[in-house]
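Single-structure report; data block below.
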Amino acid sequence: MKLYTVPLAPNPMRVTLYLAEREALGCEFDIERITVNTLKGRHRQPEHLARNSWGTLPVLELKSGQFITESLTIIDYLEDAVAGPCLRPDHIEDKAKARNIERVIEMRIALDMAQYVHCQKSPLGLPADLPRAQELAQRIQLGFDYVEALLSDGRQFVEGPDPGVSDCTLAAFLQFMRFTETDLIGEREALRQWDQAYREREAVKSLFMI
């Protein structure tokens with residue numbers, strides 16, 4: 001398989017963190033990782049558009065020649081396709097709870113955070129829109145409150161005692177936030193402690209450049 005990706009961008013980072021977490025559990029991935037330079041517009045060239053007509057990243061090319069173009073779908077595929085310990089829980093109710101947490105983080109933090117970064121300080125050079133950035137920053141606060149409440153019971157990771165997909169998603173988008181040199185976490189002590197502790201873990205610390 002081949003994984004087309006790019007550093008810093010949050011959705012590719014989510015998959016990169018997922019791979020690192022499972023590798024730390026002893027899983028082996030036969031995946032060639034190929035960087036597509038978005039700053040030079042490589043994601044808009046015909047070669048990449050043939051993989052993904054939206055021009056986005058990451059993209060997973062399967063051995064069959066088919067492409068998977070959404071980060072969470074890539075993760076779901078790898079959960080099923082690669083043997084070894086997984087990040088999704090086995091029990092049906094626990095799996096549903098974990099997916100629900102990840103979905104809330106996606107809808108209430110990640111989507112707005114992606115727009116916030118581009119309105120505040122776009123790595124792609126898009127024009128700043130500070131009023132819109134302020135509006136998005138305010139909307140994200142409710143999502144952060146949700147995560148703070150989860151972490152307030154002393155759990156080590158967002159979903160519980162073990163790292164999950166939710167950690168990968170949240171960490172990837174907080175990493176993207178740091179590109180703007182702003183901090184939207186505020187006085188949420190549990191979330192701030194989780195953020196620092198997660199990035200310092202041996203399995204993933206080399207992936208955080210900011």
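What you see is a predicted model, and the numbers here were worked out from it, not measured in a lab. Positions are given from 1, in the same order as the sequence printed here. Note that these values count all heavy atoms, side chains included, but never hydrogens, waters or copies made by symmetry.
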Hydrophobic cluster membership, with links at side-chain heavy-atom distances under 4.5 Å among I/L/V/M/F/W/Y: are Leu78 and Leu17 in one? no
Is the distance between the ring centroids of Phe176 and His118 less than 6.0 Å? yes
Any heavy-atom pair between the side chains of Cys119 and Glu135 that's under 4.5 Å? no
For the side chain of Gln45 and the backbone of Gly41, is there at least one donor-acceptor N/O pair under 3.5 Å apart? no
Are side-chain N/O atoms of Glu189 and Gln193 paired as donor and acceptor at under 3.5 Å? yes
Decide whether Phe67 and Phe29 are clustered together by the hydrophobic rule: side chain heavy atoms of Ile, Leu, Val, Met, Phe, Trp, Tyr closer than 4.5 Å, transitively. no
For a 4.5 angstrom cut-off between non-hydrogen side-chain atoms, does Glu61 reach Glu32? no
Main chain of Phe208, side chain of Gln175: is a donor-acceptor contact present, judged purely on distance under 3.5 Å? no
Exceeds 12 heavy-atom contacts within 6.0 angstrom, atom CG of Asn37: yes
Heavy-atom closest contact (Gly164 atom, Glu159 atom, distance): CA-OE1, 3.7 Å
Let me confirm one number: the CG-CD distance from Leu184 to Gln141, rounded to the nearest 0.5 Å. 6.0 Å
Between Asp80 and Arg88, is there a side-chain N and carboxylate O pair less than 4.0 Å apart? no
Please check if the number of heavy atoms outside Glu23 that lie under 6.0 Å from its CD is greater than 12. yes
Do Val36 and Leu39 sit in the same hydrophobic cluster, where Ile, Leu, Val, Met, Phe, Trp and Tyr count as joined when their side-chain heavy atoms come under 4.5 Å apart? no
Check: Ala190 main-chain N/O paired with Glu148 side-chain donor or acceptor under 3.5 Å: yes
To the nearest 0.5 angstrom, please state how far the CD1 atom of Ile34 sits from the CZ atom of Arg42. 14.5 Å
Validation row: Phe173, Ile105 side chains within 4.5 angstrom (heavy atoms): no
Distance, nearest 0.5 Å, that separates OH of Tyr4 from CZ of Arg51: 4.0 Å
Provide the closest heavy-atom pair for Pro161 versus Gln156 in the form atom of the first, atom of the second, distance. O-OE1, 4.1 Å
Counting only heavy atoms from other residues, nucleotides and ligands, does the tally under 6.0 Å from CG of Leu130 exceed 12? yes
Does some side-chain heavy atom of Pro10 sit less than 4.5 Å from a side-chain heavy atom of Met113? no
Of the non-hydrogen atoms in Glu79 and Cys86, which two are nearest, and what is the gap between them? OE1-CB, 3.2 Å
The reported gap from CG in Leu151 to CG in Leu170 (rounded to nearest 0.5 angstrom) is 8.0 Å
Between Asp183 and Met177, is any pair of side-chain heavy atoms under 4.5 Å apart? yes
Using a strict threshold of under 4.0 Å (side-chain N to carboxylate O), is an ion pair present between Asp167 and Arg201? no
Working to the nearest 0.5 Å, report the span between CZ of Arg14 and CG of Asn11. 4.5 Å
Hey, which of His48, Lys2, Glu70 is the one that makes side-chain contact (heavy atoms from CB on, under 4.5 Å) with Val59? His48
Applying side chain to side chain contact (heavy atoms under 4.5 Å, CB included), run through Leu19 and Leu3 and close with a yes or a no. CA-CA 11 Å; Leu19 292 172; Leu3 180 65; 3.9 Å; yes
Going by heavy atoms in the side chains, are Thr73 and Leu60 under 4.5 Å from each other? no
Is there side-chain contact between Leu174 and Tyr198, with heavy atoms separated by less than 4.5 Å? no
Hphob cluster co-occupancy, Met13 + Ile185, side-chain heavy atoms under 4.5 angstrom: yes
Side chain to side chain contact (heavy atoms under 4.5 Å, CB included), that's the test. Do Met1 and Asp30 meet it? Break it down for me. CA-CA 6 Å; Met1 293 184 285; Asp30 183 16; 5.9 Å; no
Between Arg155 (side chain only) and Val158 (backbone N and O only), is there a donor and an acceptor less than 3.5 Å apart? yes
Any idea which heavy atoms bring Ser166 and Ile101 closest together, and the distance? OG-CG2, 3.5 Å
Are Val6 and His43 side-chain neighbours, meaning at least one heavy-atom pair lies under 4.5 Å? no
Please report the closest heavy-atom contact between Val204 and Ala20, naming both atoms and the distance. CG1-CB, 4.2 Å
Mind running salt bridge (charged side-chain N to carboxylate O under 4.0 Å, His left out) on Asp195 and Arg188 for me, showing each step along the way? CA-CA 11 Å; Asp195 179 43; Arg188 298 176 181 89; over 6 Å; no
Linking I/L/V/M/F/W/Y whenever any side-chain heavy atoms sit under 4.5 Å apart, do Phe179 and Ile140 land together? yes
How far does CD1 of Ile109 sit from CG of Leu142, to the nearest 0.5 angstrom? 10.0 Å
Side chain to side chain contact (heavy atoms under 4.5 Å, CB included) for Arg99 and Glu102? Distances and angles first, verdict last. CA-CA 5 Å; Arg99 284 183 178 273; Glu102 203 286 331; 5.7 Å; no
Verify the neighbour count for atom CZ of Arg132: are there more than 12 heavy atoms of other residues, nucleotides or ligands below 6.0 Å? yes
Counting N and O atoms only, with roles assigned by atom type, does the side chain of Arg139 sit under 3.5 Å from a partner on the main chain of Arg108, one being a donor and the other an acceptor? no
Evaluate the side chain to side chain contact (heavy atoms under 4.5 Å, CB included) criterion for residues Leu25 and Leu87: first the C-alpha distance (whole Å), next the side-chain angles of each, then the deciding distance (0.1 Å), finally the verdict. CA-CA 9 Å; Leu25 295 173; Leu87 295 197; 4.0 Å; yes
Closest contact, heavy atoms only, Thr180 versus Lys121: CA-CD, 4.1 Å
Polar side chain donor-acceptor pair, Arg22 to Tyr18, under 3.5 angstrom: yes
